[in-house]
Amino acid sequence: MIKLSELYSGKAKTVFKTDNPEKLIMEFRDSLTAFDGKKKSEAPKKGYYNAQIAAKLLQLLEEKGIKTHFDSMLSGTEMVVDAVDIIKIEVIVRNIAAGSLTKKYPFKTGQKLDPPILLFDYKSDEHGDPMINEDIALALGLATKAELAKIRKLALSINSILIDYLDERNLMLPDFKLEFGRRKGKIVLADEISCDTCRFWDKTTGESLDKDVFRFDKGDLVAAYREVARRIVPEIFKKK
Ligand code: UDP
């Protein structure tokens with residue numbers, strides 16, 4: 001596979017075209033931003049840990065029957081993915097109240113949300129990723145009613161799979177963000193599942209092991225990401 005020109009560069013990943021029009025390369029970088037890009041930094045090996053965590057979780061979901069865009073790893077930080085038509089909706093799943101949910105509504109941090117809460121944000125930097133509902137998604141033509149129903153069902157299935165898997169690794173999953181795409185008429189899970197897009201709390205101590213460490217200056221970000229990688233992809237730490 002030959003890496004060709006850059007297609008798009010986001011806050012933490014760069015996407016490249018390849019010599020196969022059906023495949024793209026998603027490179028995980030060490031840069032990170034928070035609060036709509038207002039806070040920026042670099043963290044060595046963060047891209048590597050996130051890429052490894054994302055690869056493992058996407059493969060886990062594939063094994064459990066969820067279609068994802070994951071193809072293979074080209075290097076420690078470069079993931080080969082199927083080219084999909086991205087649906088401009090960020091699907092947020094919340095199991096435990098944290099972050100903005102506790103600011104906007106009378107939820108207490110740590111409060112269990114059972115059943116989980118699903119939220120949709122319009123994926124648009126220009127508009128500041130505003131929260132939308134199904135009617136707005138339909139009116140904007142972001143997805144069809146059938147696609148929205150499918151996305152909701154998939155997000156809840158993915159949530160159950162991840163909760164069980166992470167629980168065995170002593171991690172809680174308060175909330176996370178998913179993105180979906182269309183490929184050959186089917187909805188597939190796209191983007192990443194990593195410490196940048198999930199809240200991970202240590203089950204014993206409640207300590208944040210995710211981007212909140214950076215957002216709220218809670219300590220050593222790379223150490224937190226490494227700890228999640230140790231639990232999810234222990235094989236990358238074994239001496240060869
Ligand atoms: N999230 C994300 N990208 C976004 C928005 C949210 O990965 O553009 C993730 C975020 O890391 C968190 C969850 O989705 O795990 C909920 O985030 P949201 O922005 O809704 O609220 P807050 O972080 O303020 O609680």
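Atoms within each ligand, like the ligands themselves, are counted from 1 in listed order.
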Is it true that, when you exclude K23 itself, more than 12 heavy atoms of the residues, nucleotides or ligands shown sit nearer than 6.0 Å to its NZ? yes

Does atom 19 (O) of ligand 1 have a protein non-hydrogen atom under 4.0 Å from it? no

Winner among S100, C195, A34 once heavy atoms are compared against atom 25 (O) of ligand 1: S100

Does the pair E207 and K218 meet the rule for a salt bridge (charged side-chain N to carboxylate O under 4.0 Å, His left out), with working shown? CA-CA 9 Å; E207 180 193 1; K218 289 182 172 197; over 6 Å; no

What do we get for I92 next to ligand 1 when only non-hydrogen atoms under 4.0 Å count, side chain, backbone, both or neither? side chain

Answer yes or no: does an N/O atom from D121 fall short of 3.5 Å to an N/O atom of ligand 1? no

Would K39 and F214 count as a cation-pi pair here, with the cationic atom under 6.0 angstrom from the ring centre and within 45° of the axis? yes

I need the nearest protein heavy-atom contact for atom 11 (O) of ligand 1: residue, atom name and distance, please. R215 NH2, 3.0 Å

Tell me the protein heavy atom at minimum distance from atom 3 (N) of ligand 1, and give that distance in Å. K177 CE, 3.4 Å

To the nearest 0.1 Å, how far is atom 16 (C) of ligand 1 from its closest protein heavy atom, and which atom is that? R94 NH2, 3.6 Å

Sub-3.5 Å donor-acceptor pair from the side chain of D30 to the main-chain atoms of G47, do we have one? yes

Pair K11 + D125, salt bridge at N-O below 4.0 Å: yes

Here the atoms of ligand 1 under 4.0 Å from any heavy atom belonging to R199 are 12 (C), 15 (O), 22 (P), 23 (O), 25 (O)

Subset of ligand 1 atoms that lie under 4.0 Å from at least one heavy atom of D196: 7 (O), 11 (O)

Taking only heavy atoms of E90 into account, list the atoms of ligand 1 that are under 4.0 Å away from them. 4 (C), 5 (C), 8 (O)

Relative to the heavy atoms of G99, which atoms of ligand 1 are at a distance of less than 4.0 Å? 25 (O)

State plainly whether the residues R199 and D210 are in salt-bridge range, i.e. N to O under 4.0 Å. no

Name the one of V222, V228, I232, T77 that satisfies side-chain contact (heavy atoms from CB on, under 4.5 Å) with Y49? V222

Can you sort out which atoms of ligand 1 are near C198, meaning under 4.0 Å from one of its heavy atoms? 15 (O)

Is D129 salt-bridged to K123, cutoff N-O under 4.0 Å? no

Have a look at ligand 1 and work out which part of K11, if any, has a heavy atom under 4.0 Å from it: side chain, backbone, both or neither. neither

Using a 4.0 Å heavy-atom cut-off, which part of K211 comes near ligand 1: side chain, backbone, both, or neither? neither

Note: ligand 1 atoms sitting under 4.0 Å from heavy atoms of A98 are 25 (O)

Check this for me: does any side-chain nitrogen of one of R226 and D220 sit under 4.0 Å from a carboxylate oxygen of the other? no

